[in-house]
Amino acid sequence: MAVSSVQVVGTGQLLELSRRLRAASGTPIQRNMARRIRRAAEPLRDDLQSTMRGMPIRSQGRSTRPGGPSPTSRPLRATLAAAIRISVRTSSNPGARVWVDRSLLPADLKFMPDAMNKEPSGRLRHPVFGNRRKWANQYVTPLWWDKTVQRHTPRMRAEVARVVDDVRRQLS
């Protein structure tokens with residue numbers, strides 16, 4: 001699974017409820033529903049961000065020469081964690097989506113979340129300080145996105161089902 005997004009939708013129920021919301025023009029009810037669905041997805045986003053920030057990155061070790069300072073001032077894990085977002089829709093295709101906003105990532109890191117999630121190795125291969133003749137390998141825990149999403153999916157589905165039932169009761 002690519003690290004692009006995860007969506008929580010109860011397609012039939014949410015679509016039918018969305019149509020009824022529009023017909024009732026219940027803006028306060030729609031806002032309340034969107035807020036509660038967002039709240040259901042926030043623990044997943046927070047856990048994905050903390051997993052990214054705390055992820056160990058192991059290297060193959062240095063040669064006999066000691067390394068120098070990083071050529072960039074941006075921390076990799078914090079930059080990637082900050083790009084994890086939530087979006088909620090209550091109109092067409094209603095539900096919550098947790099995704100990596102690649103527009104917030106520098107050009108050289110746009111595909112880094114996918115590379116870090118790859119199975120089986122979680123290997124990151126990169127030039128040493130930009131020197132394309134010398135390459136280094138670093139390793140991360142593979143499937144970090146998939147495992148975190150799997151842990152949260154049952155809770156999120158139950159919460160969204162609860163929200164749908166509450167809103168359905170309000171519309172009846």
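Only heavy atoms go into these numbers, but all of them, side chains included; no hydrogens, no water, no symmetry mates. All residue numbers in this chain count up from 1 along the given sequence.
A side chain to side chain contact (heavy atoms under 4.5 Å, CB included) with Thr148 holds for exactly one of Thr153, Thr51, Val98, Leu143; it is Thr51. Exactly one residue among Arg123, His126, Arg125 makes a side-chain hydrogen bond (donor to acceptor under 3.5 Å, both in side chains) with Gln138. That residue is His126.
A 4.5 Å side-chain heavy-atom check between Arg45 and Leu48 finds every atom pair outside the cut-off. Residues Arg36 and Asp166 form a side-chain contact, since some pair of their non-hydrogen atoms from C-beta on lies under 4.5 Å apart.
Qualifying salt bridge (Lys or Arg N to Asp or Glu O under 4.0 Å) partners for Arg133, counting only residues two or more places apart in sequence or in other chains: none. With sequence neighbours excluded, the residues that form a salt bridge (Lys or Arg N to Asp or Glu O under 4.0 Å) with Arg151 are Asp47.
Note: Ile37 CD1 to Met156 CE = 10.0 Å, rounded to the nearest 0.5 Å. A distance of 12.0 Å separates CG of Asn137 from CZ of Arg58, quoted to the nearest 0.5 Å. Within the model, atoms CZ of Arg77 and CZ of Arg53 stand 11.5 Å from one another, a figure rounded to the nearest 0.5 Å. The CD atom of Glu42 sits 12.5 Å away from the NE2 atom of His152 when rounded to the nearest 0.5 Å. Rounding to the nearest 0.5 Å gives a distance of 9.5 Å between OH of Tyr139 and CG of Leu124.
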Does the pair Leu80 and Met112 meet the rule for a side-chain contact (heavy atoms from CB on, under 4.5 Å), with working shown? CA-CA 8 Å; Leu80 295 176; Met112 186 62 70; 3.8 Å; yes
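Counting non-hydrogen atoms of other residues, nucleotides and ligands closer than 6.0 Å to CZ of Arg132 gives a total of 12 or fewer.
Considering every non-hydrogen atom in both Asn117 and Trp145, the closest pair reads OD1-N, 3.1 Å. Between Ile86 and Trp99, the closest heavy-atom pair is C-NE1, 4.1 Å. Nearest heavy atom pair, residue Met116 against residue Trp144, reads O-CD1, 3.4 Å. Contact between Ala82 and Leu104 at its shortest, heavy atoms only, is O-CD1, 4.1 Å. Among all heavy-atom pairs drawn from Pro43 and Arg39, the shortest one is CD-O, 3.2 Å.
Ion pairing of Arg162 with Asp165 is absent here, as no side-chain N (NZ or NE/NH1/NH2) approaches a carboxylate O to less than 4.0 Å.
For Arg102 (side chain) and Leu109 (main-chain N/O), no donor-acceptor pair under 3.5 Å exists by modelled atom type. Of the possible polar contacts, none joining the Asp101 side chain to the Arg85 backbone as a donor-acceptor pair under 3.5 Å is found.
Hydrophobic clustering of Ile, Leu, Val, Met, Phe, Trp and Tyr side chains at less than 4.5 Å, counting indirect connections, unites Ile57 with Leu105.
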